[in-house]
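Below you'll find the structure, written out as structure tokens, and then a few comments.
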2 protein chains.
Amino acid sequence: MVTMRDVAKRVGVSVATVSRVLNDSGYVKEDTRKTVLAAIEEMNFKPNSVARSLFKKQSKTIGLIVPDINNPFFPQLARAVEDVTSEADFTVFLCNSDGKIEKEIRYFDRLQQKYVDGVLVVSNTLKPEHLSQYHFPIIALDRPLDSSLPYVTCNNYEGAQKATRHLLECGCGKIAHISGPENIANARDRLQGYKDVVSEVGLYDENLIIPAEYQIESAKRAAFKLLTNYPDIDGIFAGNDVMAIGVIKAAELLGYKVPEQLKVVGFDGIEFGDIITPELTTVSQPVYQMGSTAAAMLLDLIEGKPIHQKEITFQVELLVKRSTQT
Amino acid sequence: MVTMRDVAKRVGVSVATVSRVLNDSGYVKEDTRKTVLAAIEEMNFKPNSVARSLFKKQSKTIGLIVPDINNPFFPQLARAVEDVTSEADFTVFLCNSDGKIEKEIRYFDRLQQKYVDGVLVVSNTLKPEHLSQYHFPIIALDRPLDSSLPYVTCNNYEGAQKATRHLLECGCGKIAHISGPENIANARDRLQGYKDVVSEVGLYDENLIIPAEYQIESAKRAAFKLLTNYPDIDGIFAGNDVMAIGVIKAAELLGYKVPEQLKVVGFDGIEFGDIITPELTTVSQPVYQMGSTAAAMLLDLIEGKPIHQKEITFQVELLVKRSTQT
DNA sequence: TTGTAGGCGTTATCAT
DNA sequence: ATGATAACGCCTACAA
């Protein structure tokens, strides 16, 4: 591994000079600049970022903590984050927390020890008191953590309203909701959006709400239960797309025709909503944009730039597909 | 940020002693050990891994380079890699190369500058001459790069044979193949597996092979073309699941009943093969296992342990679902 | 314009 | 059993 020392020796200058041309700081005679540059090229010298980090106390590195990169939605987010930060010559540490706070904290500690310049985190449980000890900017992604922490999310409440209203407009008279885990803020917001709309039109019935995990099987079971107990349900708003898929599967097994007898709406806008038959009507989030915005914001924070807005909420969009169109 | 120095001062010992208890190396009197530990706890001291890296020339960090974390398959791989390495107290840099060699090289350079201890890479194009300058172990994942480089992959050739034979056994007499990009080794192997089997039974016809990208739309177009030109095709082996989904979509649009009139087999075993109707028969790879094995292998290499096997090829499994069952 | 030297926080060697 | 001290590779006062 060739170091600045080697380059300096080769050219016959001091390391300080090499450092200067590297960072073009301070005065360097054009001549020596050229020779040094030539030598760097020739020797294929690459500055050692670890040494640099040690000195500068920053590493051109950020952490991205998600519950599980396996779940659709997070890969897109990760890709956006990596695209933006990579452009700025940053590298991304990927961390899977499984939504467990101990893991989240373990990662935060590790990341701090590695001098990350900032962290993007998707979490439900982290509180400011956990975070106060970390001396780098942190932005919450997808799920707001605390009013003191900048965050990027989308309008889950309105999205849920749009979904529910859409079912109403499609003529549904008995609309059920399969809600996500209640410890997840977006699930609560979506639930509330649903409740408010059905209440408005006098269709609220708490028996039509069943909680499930954000997973196919779990939603399938929930839908089974719902449709068995209330066979006249004609619309289901599922808390996310994965669950909506579960609903369609369950409906199929029970002999319901979607959308003729039962209309289904999801939430998220994952790519695979289109592969199910019928294609899934859903409330789509601008996932990539959320990721890239959060990343850009983090970079600003890292560079000490003033931040325009601490809280960013993206609007969502109802994508009407076959699962609600008769 | 509290350092060893602070701890040492607090306890009234030298940094050397603190370092010793930290790494429990060398002799330390039990008493002082306890006091130091207590101080560490109390002051919430965490050793600075950057400084440590600088000295040790290794960072407890690895790089994972994939074409695009967005494509199904890679998140699972990433998760496996992260699980295994995280357990060993390593952190993972996530890099998206888009399969472009310039990006791959840029990442390699960056990673080397950061003293990563090793790299796992999914690439088609990288050659040993690109890699020779890097002084850390490298393992190719999913796609073998070169005989000189350890790799972990699966038996694509046999998998393709299984898929094709299965179609034969289902009674198909005219079996087409939509192949993946020919610069990707696994696509070539799958194609060859298909060719060999249809040739064996005298059904080989080069017109029944159409190349496409590993994407839904691309495969949809290819399937359209195939089915339009040869309406009597009764079986299609798609180069991967995503393409198989495209095929089913196309068939649906053209009014083919799958599996009654047309049977479809995919490759990969991605989770979403089950959400399409009919559920997709596929050749499933042990993705998680491939990732965790490669990661474990890399860790061994990093620790200088002897490696049992430089080349690991996992067996694949035919999962028969509805898309081939009448 | 350039060089010297001290320090970033650890670890490891050598004394004591 | 413990303490100085010199690295690790880079950056930045401060001198020259």
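- Atoms CG (A:Asp6) and C1' (D:dC10) sit 13 Å apart, rounded to a whole Å.
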May I have the list of side-chain donor-acceptor pairs in residues 20-28 of chain A shorter than 3.5 Å, sequence neighbours left out?
from	atom 1	to	atom 2	distance (Å)
A:Asn23	ND2	A:Ser19	O	2.7
A:Asn23	ND2	A:Ser19	OG	3.3

Inset, instruction - Encode nucleotides 11-16 of chain D as B, S and - characters from 5' to 3', where the letter depends on protein heavy atoms closer than 4.0 Å: B to the base, S only to sugar-phosphate, - to neither. - result: BBB---
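- Here the C1' atom of nucleotide C:dT10 and the CD atom of A:Gln113 are 12 Å apart, to the nearest Å.
- Rounded to an integer number of Å, the gap from NZ of A:Lys60 to P of D:dC10 is 17 Å.
- Side-chain contact check for B:Val121 versus B:Leu141: every heavy-atom pair is 4.5 Å or farther apart.
- Residue A:Thr3 places none of its side-chain N or O atoms closer than 4.0 Å to OP1 or OP2 of D:dG9.
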Inset, instruction - Given side chain to side chain contact (heavy atoms under 4.5 Å, CB included), test A:Arg143 with A:Asn186 step by step and report yes or no. - result: CA-CA 7 Å; A:Arg143 309 169 190 180; A:Asn186 59 34; 3.9 Å; yes
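- A:Lys9 has its NZ atom 13 Å from the C1' atom of D:dG9, to the nearest Å.
- Look at B:Lys46 and you won't find any side-chain N or O under 4.0 angstrom from OP1 or OP2 of C:dG9.
- Between the OH atom of A:Tyr115 and the C1' atom of C:dG9 there is a distance of 7 Å, rounded to whole Å.
- A:Phe136 places none of its side-chain heavy atoms less than 4.5 Å from the side chain of A:Leu298.
- Closest heavy-atom contact between B:Glu213 and B:Pro181: OE1-CG, 3.8 Å.
- Dense packing is recorded around CZ of B:Arg188, with more than 12 heavy atoms of other residues, nucleotides or ligands lying under 6.0 Å away.
- Rounded to an integer number of Å, the gap from NE2 of A:His135 to P of C:dC8 is 18 Å.
- Residue contacts shown for B:Val50 are absent, as no nucleic acid heavy atom lies under 4.0 Å away.
- Using a 4.0 Å heavy-atom cutoff across all strands shown, A:Thr32 reaches sugar-phosphate atoms only and no base atom.
- Nucleotides of DNA chain D nearest to B:Arg5 and A:Asn48 differ in position, and the one nearer the 5' end is that of B:Arg5.
- Protein atom CG of B:Leu54 is 9 Å distant from nucleotide atom C1' of D:dA7, rounded to whole Å.
- A 6.0 Å sphere centred on CD of B:Gln133 holds more than 12 heavy atoms belonging to other residues, nucleotides or ligands.
- The nearest whole Å value for the distance from the CZ atom in A:Arg33 to the P atom in C:dT2 is 12 Å.
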